[in-house]
Amino acid sequence: MTVTTSADPASEPDGFGPFAHLTVPNTPLYRQVMQVFLVAKERFAVHLRPEEVHAALPADTRPAEPEAVVAALDRLVVWGNLRADPDNARVTAVEDFYRKRFIYQLTREGEAAEAALSAYDEALGRRGALQAVALHDIVTQLRALLVLAVEDEPDPAKTHLTLDALASRFAALADNARAFMGSLQRTMDLHDVEDEVFLAYKDRLIQYLERFIQDLITLGGRIARLILELEEGGRVDLLLKAAARREAADASPEETADAEREVYERWAARWQGLGVWFISRDGRESQARLLRGRALGAIPQLLAVVRALNERRAGRSDRSADFRTLARWFAEAPDDDARHRLWRTAFGLYPARHLTVDAGTLAARAAKAVPAATPWSGAEPLRISPQLRRTGSYERRGKPRKVEDREARRRALVEAAAKQAAETAAARVRLVTDGVTRLSDLGELDPASFGLFLQLLGDALATWRPGMRHTVATSNDGSMEIRLTALADGTTAQVRTLDGVFSGPDHRIEIVDLTDGAPDR
Amino acid sequence: MTAPLAEVLDGQHAADLRKAARALLKHPLLLARGRYADEFRLARRHAPELREWFDRNTGWSLQVDAETARLRKIPGVLTDPTHPAREASRRTAPFTRRRYVLLCLALAALERGEAQVALGRLADQIVLDAADPRLTATGIEFALDRRDERLDLAAVVRLLLDLGVLRRVAGEEEAYVAGAGDVLYDVERRVLAGLLASRRGPSTVHAETLDDRLAELVAETALDSDELRFRAMRHSLTRRLLDDPVVYYDDLTDAELGYLTRQRGFLTARINELTGLIAEVRAEGIAMVDPDDDLTDLRMPEQGTHGHVTLLLAEHLAGAHGPVTLDELALRVRELASQHGGFWSKSAREPGMETELVEQAVARLTALGLVSRAPHAVAARPALARYAVGETVIREPGSAPVPPQRKATS
């Protein structure tokens, strides 16, 4: 395989030569010329002479000289859009005879290119319309099929034509629906849409959606029922086969069998497509339902756009333009003072500003009103604190205090805490009785131990109820347990402390340190 | 004895109304969420009353919805340049030409845009808009590829964040400035919609000079009856009394002065009723002074180095006869630094800082209506005389302070 490095632009090795006229100067002229050929073809005129083309061009864009048209035609021939054949028509002037003369016709490539371009134009220009009419047509055709299907031998011609019409209506509907969904999305993503355009579109869209959704709901159900009716007992198969047979009849004799099968398969696929469109099957939602959802969803989206527009116009003029104008004014302002004035006036975001007055001055004025004709210099002034006058601060400012070194105090605190902990521990050790003893046997207690003892006793006595002789209580912090049993012998116990003697009825007592590792019972 | 319930409720209502009115005067744009949520709720609750008051007395419209409360203030005078836009986060330098233009281009892009925007995308749109021939004709251009340009954009965005037009979703402006990232914002269309306060859209104004443009922005309909003219006068005077520190009689037209003279008591009483401001009426003008010292963005006297320098220079200016040049003031600052410099910030004591200190002090005094400035000189205005230093109070241990009041010679 050799790589061709063609330098000749006219030869266009990639096969898209017929599109070359889109990327050169004078594209509008080329396209108009091609349009002339298409129009002519619709009237079954195949060949055109240059002067005919010239005459057929729109008057406002027609080149003054026919030669320009000839040149355009020749370029189009080079690109492959047109074919030039020698013109054998009789001439009436000598110079015409000597002039090289051609008649032109569309090539297949040229025609394909035009078809592609018109599809392109159409797709861009199309807003996408839902066809309520198409739904009605589909119903009609399905009814006709139902009538045909009743017969034992459906008329192949009628069947084929009906199916064909059905297929084409359906294809159009599906295409349009696709375009509609696409354009709906585009409209919703409004960026720079003019208000008026949008509002007009909004009204039309809502009306349209209302009508279509209504049709889709009523007719969609009817269509689904008709489809199911046709499919009942495989009746539709008969119809499809009849149509396929008729269509395949045109095929060459040796291909008939194959062709019939192929055509039938195609028809079956189309039918299935129709079914999928209107009937939800196998857990998949029908297209019609999706479309309905999308169309319904379009309304809230539309409302959101309306809201955004309303917010934008909550002020008055186009505020974006307002801000751009202001930007220019700020840039044009002669100096900073002018800009500050503009800022204050346009935005009005400045705070109020007022002089102060103190309570003393006010009271003095209330007592003795100042006549309005007094000049400021003649009225009792506002006193400023001499402190403020001297130092610029109401607070007395001495030397800043040195940063205090708290290490020593911190250490003292740690020591105190450690000492306290040790004392508590000692007190507990002191209090713990080895087994049951009597209050009177506790002997002398140091202040720490006595404090602890009083707490414990308090906890225990708090549990006393009338008639109780024995109690067990745990200290508040859960570290000690006291068991107290009242004695009936009427003796008195005395606990001596540094501060005095604690006395009361004697009890049998046992104090256990619960934090002690060894269980004590 | 307790007051009757109805009286208490009335008092409460009046206090809330006053608070809401003051909040709106201080922050004409209040948001339902953010720093001023409480004030917003008050303003919303009292919206009908406030709307009526502002509409009748000032001609300002108040718009309140579920998200924003916006008092569309129009200044009483269009010539006051002392309210610049400032970068929100630092409250530092006023906006420059580039920042103002960027701000407007950003708003234009946001206005057209979607509910969300990324800073990078916003920058692209600004660059596109900035290519408008009418804008490039003024010699301004943005490519937003240099760091300082991106810093400008970041400052603009911070202001928009502060106003509540944008809300940050992800990212940091710093990263964008460094060229290392992007930021995503939600656009609050409601806030954006209420940002312009002018009566007319700027795009509908075709005047060529700045003064004409400003006048047309706020122009009311034709005033073809005495009643309308009086109403316009009442609006403009009330606006000035509500917003500006001092209204000097010699700044007014004869008609305005005549109206103010006749209606002074009525006007100031209405303002007092709503805001609690108290009229200080003097021979030269009227100042609505604030006992709460809260309804203002600038204070005098004020603590701190700049406040102190301002106070000292005010004293100097009040004592001077006639205008004082800026150079003289700078000299005075140098003298003052030797006496009081010990209390000033370190940077203020550095030599060469005098000019800037003078500049700041004069700007503050001008903004407060206490001095007027010419290009190179400053002159005291009458209201400057309302300040004087109090007698020194010596507190002795154990004895109650006795404040003798005597007018000090300043």
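Heavy-atom basis, side chains included; hydrogens, waters and symmetry copies ignored. We name chains A, B, ... by the order of the sequence lines, and we start the count at 1 in each one.
Chosen from D129(B), T79(B), I74(B), V218(B), the residue pairing most often with chain A at heavy-atom distances under 4.5 Å is T79(B). Taking L342(A), V370(A), D335(A), L382(A) one by one and counting their heavy-atom pairs under 4.5 Å with chain B, the maximum is reached by L382(A). If you tally non-hydrogen atom pairs under 4.5 Å between each of L24(B), T96(B), V205(B) and chain A, the highest count goes to V205(B). Contact count against chain A (heavy-atom pairs under 4.5 Å) is highest for L214(B) among V77(B), I140(B), L214(B). When each of D132(B), L29(B), L298(B) is scored by its heavy-atom pairs under 4.5 Å with chain A, the top score falls to L298(B). Counting heavy-atom pairs closer than 4.5 Å to chain B, the top residue among A352(A), A321(A), G348(A), A346(A) is A352(A). Comparing A331(A), P371(A), A373(A) by how many heavy-atom pairs each has under 4.5 Å with chain B, the most go to A331(A). Across M288(B), Q339(B), R299(B), M300(B), the residue that shares the most heavy-atom pairs under 4.5 angstrom with chain A is M288(B). In terms of heavy-atom pairs under 4.5 angstrom with chain A, the leader among D292(B), L368(B), D244(B), T310(B) is D244(B).
There is a side-chain donor-acceptor pair under 3.5 Å between S320(A) and R324(A). Side-chain N/O atoms of Y350(A) and D297(B) include no donor and acceptor closer than 3.5 Å. Side-chain atoms of T209(B) and D212(B) include a donor-acceptor pair closer than 3.5 Å. S377(A) and R282(B) form no side-chain donor-acceptor contact under 3.5 Å, judged by distance and modelled atom types alone.
Of the two parts of L217(B), only the side chain, counted from C-beta on, holds a non-hydrogen atom closer than 4.5 Å to a non-hydrogen atom of chain A. Both the backbone and the side chain of L326(A) come within contact range of chain B, each with at least one heavy atom under 4.5 Å from a heavy atom of that chain. Within the 4.5 angstrom heavy-atom criterion, atoms from both the backbone and the side chain of T356(A) approach chain B. Within the 4.5 angstrom heavy-atom criterion, only side-chain atoms of D336(A), from C-beta onward, approach chain B. If you measure heavy-atom distances from A359(A) to chain B, you find no contacts under 4.5 Å at all. With a threshold of 4.5 angstrom between heavy atoms, A367(B) approaches chain A through its backbone and through its side chain. Only the side chain of L370(B) comes within contact range of chain A, with heavy atoms under 4.5 Å apart. With a 4.5 angstrom heavy-atom cutoff, P84(B) touches chain A via backbone and side-chain atoms both. The contact between E302(B) and chain A is made entirely by backbone atoms, counting heavy-atom distances below 4.5 Å.
For the pair E141(B) and R98(B), the tightest heavy-atom approach, listed with the atom from each and the gap, is O-NH2, 3.1 Å.
Ion pairing of R341(A) with D80(B) is absent here, as no side-chain N (NZ or NE/NH1/NH2) approaches a carboxylate O to less than 4.0 Å. In summary, K368(A) and E380(A) do not engage in a salt bridge, as defined by a charged side-chain N under 4.0 Å from a carboxylate O. With salt bridges taken as basic N to acidic carboxylate O contacts below 4.0 Å, one links R22(B) and D290(B). A salt bridge links D294(B) with K26(B): at least one charged nitrogen is closer than 4.0 Å to a carboxylate oxygen.
Taking the six-membered ring where the residue is Trp, F343(B) and H308(B) present perpendicular rings, their angle passing 60° and hence far from 30°.
The aromatic ring centroids of Y100(B) and H340(A) lie less than 6.0 Å from each other.
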